[in-house]
Every structure is written in C-alpha cells, then in structure tokens.
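These notes concern the structure reproduced below.
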Amino acid sequence: MDSTSQRHFSFEFFPPRTEEGIAKLDVAHAKLAKLGPDFFSLTYGAGGSTKQGTRDLVIKYLKEGSNMAPHLSFGGTSEDEVRELLNEYKEAGATRLVALRGDMPSGGGSRVHHRYANELVEFVRKETGDHFHIDVACYPEIHPEAKSYAQDVAFFKQKVDAGASSAITQYFYNPDAYFRFVDYCADQGITIPIVPGIMPITNYESLARFSKNCGAEIPQWLARRLEDFGNDSEALRTFGVDVVTELCDDLLEGGAPGLHFYSMNVSKTVTEIWNNLSLSERR
Ligand code: FAD
C-alpha cells in the first residue's frame, strides 16, 4: 500500500539570537515553504532563554500563513505563563505543538525543577482539550538519562497515554535502531505515528559533539569517512547529503510515517535531500 498521502514532512528551526540571524531564517523559511511541508516547528529554550523569541517568530510565521508548531516545556515557567502562551498560540491560529521536558543550558547551575513531558501533555489537554495536535519526543537509541530501554519506552508510553498525537524521534544514522524501536513500542501498545527526526551532516566536529551530548550514535564507518574529509567542508556536505538521502529512503521504504528535518535554519542541504527523495511529487 502506498501510504505517502498519510505521511507528514516537516522542518525544524531554532530562534536566532540576532537580527541578522532572524533575517537569514526569514529567507530559509520562505525557501522551504515553497517545498510545501506539512508544518514547521520552532524550538524553545527550557531555561526560558528563547521563550520570547520562539513566541514572536511562531506568531509572525503563522500570520504569514505557515503551519507553525511551537515547541513548549514547563522549564522554569509557571502554569499561568504556559496557559497564557497556549492561548496566544491558539488565537494566532496554531493547531499543533511539540511538548517537551527540555534541557537546561549547560553550565548554568540552574536549580529549576524539570517537569516531565507527560505532565505538560496532560496540562495542555486539560487546558485546551483536543485543539492541539501534540507531538512528543522519543529516542530510538534511548534517552541518555534513561536507566533502561524498557523504562524509557514506558515513560514514552506515559506521554502517549496523557494524550500525545504523534512522536518525533531524536536523530539517528542506523535505520535498524528506528525499526526495532517502532516494533518494540508497538509491542508495548504504542500505536501513534513515530516520525524519524533527520539531522543533515554538514560539519563533523559539531555533529560529533552534539551527538555525544544527546546520546545519538554516529556509526564507526560513518565517523571514519567523515574524519577523512578534514577541512574540505563542501565534499563532506555532499557526501552527507548522499548518506542522509539513503537513510531517508530506507526509512520511507520501510514504512516510516514521514520525516522531520532538523534544518539548523539553513535551507540548502535539506532542500537537496528533499529533492533527491522527490518528496514534493511523492505526496
Ligand atoms: P521526558 O519525556 O520528560 O523524558 C526525560 C527523561 O526522563 C528520559 O530519560 C525519561 O526516560 C525520563 N522520564 C520521563 N518521565 C519520567 C518520570 N515520570 N519519572 C522519572 N523519569 C522519567 N530541548 C529543548 O530544550 N527545547 C526544544 O525545543 C527541544 N526540542 C526537541 C525536539 C525533539 C523532536 C527532540 C527529540 C528533542 C528536543 N529537545 C528540545 C531535547 C529534549 O528536551 C531533551 O532530550 C530532554 O532531555 C528530554 O525531553 P523529553 O521531552 O523527551 O523528556
């Protein structure tokens, strides 16, 4: 069966800290909008650092007609503030959001109590009923703080039971990790769509550093190939486009219900991957 019509394709942005960054994001957003994604999402600093930036950009792009899904977490914010934000998003026309526990900025020494994502999903459902399509995060290679695979999936299930509509995964480069995770989740009674999160490869050092922090594995064969490119960043990027295109193709062929691209606010690389996969025509 061709299930492409039910698949969802989306791009993630983060809120820039400078006017120049926002101007660049406006350009990337306009270019990616032409591809016709189902939605864009915009990350949220759980420490409150990008709270206003996320809100302002989400509302701006919603007004321009984009389907925007703000990321949201309790972080250090009160329930009243989250309620106000939900109402603002609703009034501006948002119909989906991504509910997270979030991470605090490293080195901040913050003592803010994290509230788990299932509590936020519950809160959003209590406050706004069925208005929002709620995405949550999940981890085919398991969240780095999790005590065990089984327990991490059990906590994922709590988010689903609290009312999550679908999930977006942490990125990974090993499709088996994803397919086995989806099967395991199904065995545990998790039947919501689990959409792979796709991280393009454009810079080996930053990818290696980030992957270490978030618990995503770069397979050894891939790490060694990437190391060999040294300072030839364009050759590395071109190779990365091929690798990630193949990964996406395997995922879609294997039945993944869509793809969520971590665009890093740049349109070029994700557009190449999108076009290689003929995603505009396939849908
Ligand atoms: P949770 O689902 O709450 O889980 C966090 C950890 O606690 C896991 O180890 C889980 O096993 C455990 N756990 C869950 N519930 C319980 C419980 N009841 N008792 C004990 N342990 C429990 N970060 C940001 O700061 N801003 C963003 O915008 C953002 N966007 C993201 C988007 C996606 C698609 C993904 C995959 C991640 C994103 N992150 C973002 C990172 C994310 O916030 C971190 O991975 C964070 O550490 C976990 O968030 P979560 O919502 O998955 O947490």
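Counting starts at 1 for both ligands and their atoms, following the listed order. Heavy atoms only: backbone and side chains are in, while hydrogens, waters and symmetry mates are out. Just so you know, residue 1 is the first one in the sequence shown, and it goes up from there. Everything numeric here is computed off the predicted structure, so don't read it as measured data.
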Let me know which of F39, F261, Y61 forms a ring-ring contact (aromatic ring centres under 6.0 Å, His included) with F11.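 Testing each of F39, F261, Y61 against F11, the sole residue satisfying ring-ring contact (aromatic ring centres under 6.0 Å, His included) is F261.
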For H133 and T95, does a side-chain donor sit closer than 3.5 Å to a side-chain acceptor?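 T95 and H133 do not have a side-chain donor-acceptor pair below 3.5 Å.
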For ligand 1, note which part of [X] has a heavy atom under 4.0 Å away: side chain, backbone, both or neither.
X    : result
Y116 : both
Q151 : neither
F14  : neither
K159 : side chain
Y139 : side chain
R101 : both

Kindly assign one of parallel, tilted or perpendicular to the pair Y171 and F210, based on the angle between their ring planes and the thresholds 30° and 60°.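 Aromatic pair Y171/F210 classed parallel.
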Which class fits the ring pair F9 and W274: parallel under 30°, tilted 30 to 60°, perpendicular over 60°?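 Because their plane-to-plane angle is over 60°, the rings of F9 and W274 count as perpendicular.
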Looking at non-hydrogen atoms alone, which of D103, V153, V98, N213 comes nearest to atom 46 (C) of ligand 1?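 Residue with the shortest heavy-atom distance to the ligand atom: D103.
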Around atom NZ of K60, are there more than 12 heavy atoms of other residues, nucleotides or ligands at under 6.0 Å?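 Yes, NZ of K60 has more than 12 neighbouring heavy atoms, counting only those of other groups under 6.0 Å.
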When you look at CD of Q151, are more than 12 heavy atoms from neighbouring residues, nucleotides or ligands closer to it than 6.0 Å?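 Count over threshold, so yes.
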Show which atoms of ligand 1 fall inside a sub-4.0 Å distance from at least one heavy-atom site of [X].
X    : value
D152 : 8 (C), 9 (O), 10 (C), 11 (O)
H143 : 6 (C), 8 (C), 9 (O), 45 (O), 46 (C), 47 (O), 48 (C)
Q158 : 18 (N)
I168 : 34 (C)
A137 : 35 (C), 36 (C), 52 (O)
Y44  : 24 (C), 25 (O), 26 (N), 27 (C), 28 (O)
Y262 : 33 (C), 34 (C), 36 (C)
L100 : 27 (C), 28 (O), 29 (C), 30 (N), 31 (C), 32 (C), 38 (C), 51 (O)

Under 6.0 Å between ring centres: does that hold for F123 and F74?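 That pair passes the under 6.0 Å test.
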Check: Y89 ring centroid to F132 ring centroid under 6.0 Å: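 Centroid separation for Y89 and F132: 6.0 Å or greater.
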Taking 4.0 angstrom as the limit, do E205 and R209 come out as a salt bridge?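 Between R209 and E205 there is no salt bridge, as every charged N stays at least 4.0 Å from the carboxylate O atoms.
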Applying a strict under-4.5 Å side-chain criterion to I, L, V, M, F, W and Y, I'd like to know whether F14 and V58 cluster together.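 No, F14 does not connect to V58 through the hydrophobic network.
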Any atom of ligand 1 sitting under 4.0 Å from a heavy atom of R115?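 Contact absent.
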